[in-house]
Amino acid sequence: MSTTTFKSFAVAGVGNTVGMPIVKSLLARDARVIVLTRPSSKKSFPEGAKAVPVDYSDTSVLAAALRENAVDVVISTLSGDGFDAQYKLADAAKAAGVKLFVPSEFGMPTGGATEGLLGEKNKFAAYAQSIGLPITRVYDGLYQEFLPFMVGMPEAGKFLIKGSGNEPLSLTAIPDVGEYLAHVLTTLPLEQLSNAELRIQGERSTLRELSMLYDVPVEFVESIPKDIPRADGREWLQAYTEKGAMSTGYDITAGRDDPALAGSANKLFPGFQFKTVKETLSL
């Protein structure tokens, strides 16, 4: 078995969540990092990261950028309207001889999903594997920083729970995801990462338990009030939480949570202390 590890990385879709922490954590490990940007981007990046403007609609341009920078691993944090750009990026990675592709997962498990956003993520993973491009999927549950959003704070001034609030969910701090990914990509061989599903979590708690961290009223609701911005998105997150799907141990095909799977890949970063929700949110 090869013990060769990766040295050169391309990160696509560095926005306001996990992309920048990944870049910073890789640089801290003396990795070579390029950031694929759109030509119109004015975003600045940490010293040591090389911005490479690309046309995401042109596979040959993407492949040239990856090849010229001798990229070993492509990490995608593309989301929203940019998510579909991953297909051409995957084709380019394959053409350029990239060894591993980390698709834009970074949430609840998607293996076996067929509908909605989760289905789109699973569809892309299947495509990458179909062209012979090894992938590593990282499931980290809910970002701890997003908990106040999901439960309607601070808009409602209350901790809103749709459903029983008794189902455990996995929560991971955004910087911890960056640290974890940088560690496994710079220490583990391809054989251990190829087509792996890495299930991590900083904390496993129920919404009832998390509500006790706040000195605000708890209200059980049938739906998130529509006068709260992005109520539908908050309700979607709570609905998935209520059926156990926000746990990184959730098995979509079986329709149940496996507590033994939740956080099972934490052990790949020995000694690392994942933050708790209380620590992340200074509660």
Side-chain angles (χ1 to χ4, degrees), residues 1-12 17-33 71-77 93 98-112 121-122 124-125 128-129 133-145 168-205 245-252 257-277 279-280:
M1 179 182 291
S2 170
T3 58
T4 302
T5 54
F6 305 118
K7 305 295 184 185
S8 180
F9 302 85
V11 184
T17 54
V18 76
M20 193 66 80
I22 291 172
V23 170
K24 291 179 179 179
S25 294
L26 286 170
L27 290 172
R29 288 163 173 78
D30 295 323
R32 297 192 304 276
V33 181
V71 170
D72 294 324
V73 180
V74 171
I75 303 167
S76 170
T77 61
V98 166
K99 300 178 179 68
L100 184 69
F101 193 105
V102 180
S104 185
E105 293 276 354
F106 306 110
M108 63 191 78
T110 62
K121 290 185 175 185
N122 193 45
F124 173 77
Q129 291 171 306
L133 182 63
I135 63 171
T136 298
R137 301 163 84 170
V138 179
Y139 305 144
D140 51 34
L142 181 75
Y143 291 140
Q144 293 178 359
E145 293 85 348
L169 66 153
S170 300
L171 305 101
T172 311
I174 292 173
D176 285 356
V177 178
E179 282 292 291
Y180 178 87
L181 185 59
H183 172 78
V184 298
L185 291 180
T186 56
T187 61
L188 301 183
L190 175 61
E191 289 85 350
Q192 197 168 349
L193 295 169
S194 180
N195 300 322
E197 292 179 304
L198 304 182
R199 301 167 184 264
I200 66 174
Q201 62 184 8
E203 180 174 338
R204 178 177 171 87
S205 297
M246 199 62 76
S247 164
T248 56
Y250 192 73
D251 183 325
I252 290 177
D257 178 30
D258 182 348
L261 277 180
S264 57
N266 284 23
K267 62 181 180 288
L268 297 178
F269 198 170
F272 182 67
Q273 296 297 313
F274 285 89
K275 296 181 184 68
T276 64
V277 171
E279 290 170 331
T280 297

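Just so we're clear, the structure is a prediction, and the values are computed from it rather than from any experiment.
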Positive for side-chain hydrogen bond (donor to acceptor under 3.5 Å, both in side chains) with Q144, one of T280, T276, D176 =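 Going through the options one by one, the only one that passes is T280.
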Flag, side chain of H183 to backbone of L268, donor-acceptor distance under 3.5 Å |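 Answer holds: yes.
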Any donor-acceptor pair under 3.5 Å linking the side chain of E203 with the backbone of L171?
->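 A pair under 3.5 Å: no.
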Do [X] and [Y] meet the criterion of a side-chain donor-acceptor pair at a distance under 3.5 Å?
X    : Y    : value
S247 : D257 : yes
Q129 : N195 : yes
Y139 : E197 : yes

Can you name the closest pair of heavy atoms from [X] and [Y] and give their distance?
X    : Y    : result
T136 : P103 : O-CD, 3.2 Å
P21  : I174 : CG-CG2, 3.8 Å
F274 : Q201 : CG-O, 4.0 Å
M246 : L169 : CB-CB, 3.8 Å
N266 : I200 : OD1-CA, 3.1 Å
A93  : F101 : CB-CD1, 4.1 Å

side-chain contact (heavy atoms from CB on, under 4.5 Å) between N122 and I252, intermediate numbers included = CA-CA 11 Å; N122 193 45; I252 290 177; over 6 Å; no
Steps toward side-chain contact (heavy atoms from CB on, under 4.5 Å) verdict (T172, Y143) = CA-CA 5 Å; T172 311; Y143 291 140; 5.6 Å; no
Does the side chain of T110 come within less than 4.5 Å of R137's, by heavy atoms?
->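 Yes, side chains in contact.
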Any side-chain heavy atom of V102 sitting closer than 4.5 Å to one from V73?
->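 With C-beta onward as the side chain, the pair touches.
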So how far is it from [X] [atom1] to [Y] [atom2], rounded to the nearest 0.5 Å?
X    : Y    : atom1 : atom2 : value
S170 : L142 : OG    : CG    : 9.5 Å
E105 : T77  : CD    : OG1   : 12.5 Å
D140 : R199 : CG    : CZ    : 12.0 Å
L185 : F9   : CG    : CZ    : 5.0 Å
S194 : L188 : OG    : CG    : 12.5 Å

Can you list the steps and then say if D72 with L100 is a side-chain contact (heavy atoms from CB on, under 4.5 Å)?
-> CA-CA 7 Å; D72 294 324; L100 184 69; over 6 Å; no
Give the intermediate values and the outcome of side-chain contact (heavy atoms from CB on, under 4.5 Å) for residues D258 and D251.
-> CA-CA 7 Å; D258 182 348; D251 183 325; 5.9 Å; no
Pairing of R29 and E179 as salt bridge, 4.0 angstrom limit =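 So R29 pairs with E179 through a salt bridge.
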Hey, what's the ring geometry for Y180 with F269, parallel, tilted or perpendicular (30° and 60° as the breaks)?
->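 Judged by the thresholds at 30° and 60°, the geometry between Y180 and F269 is tilted.
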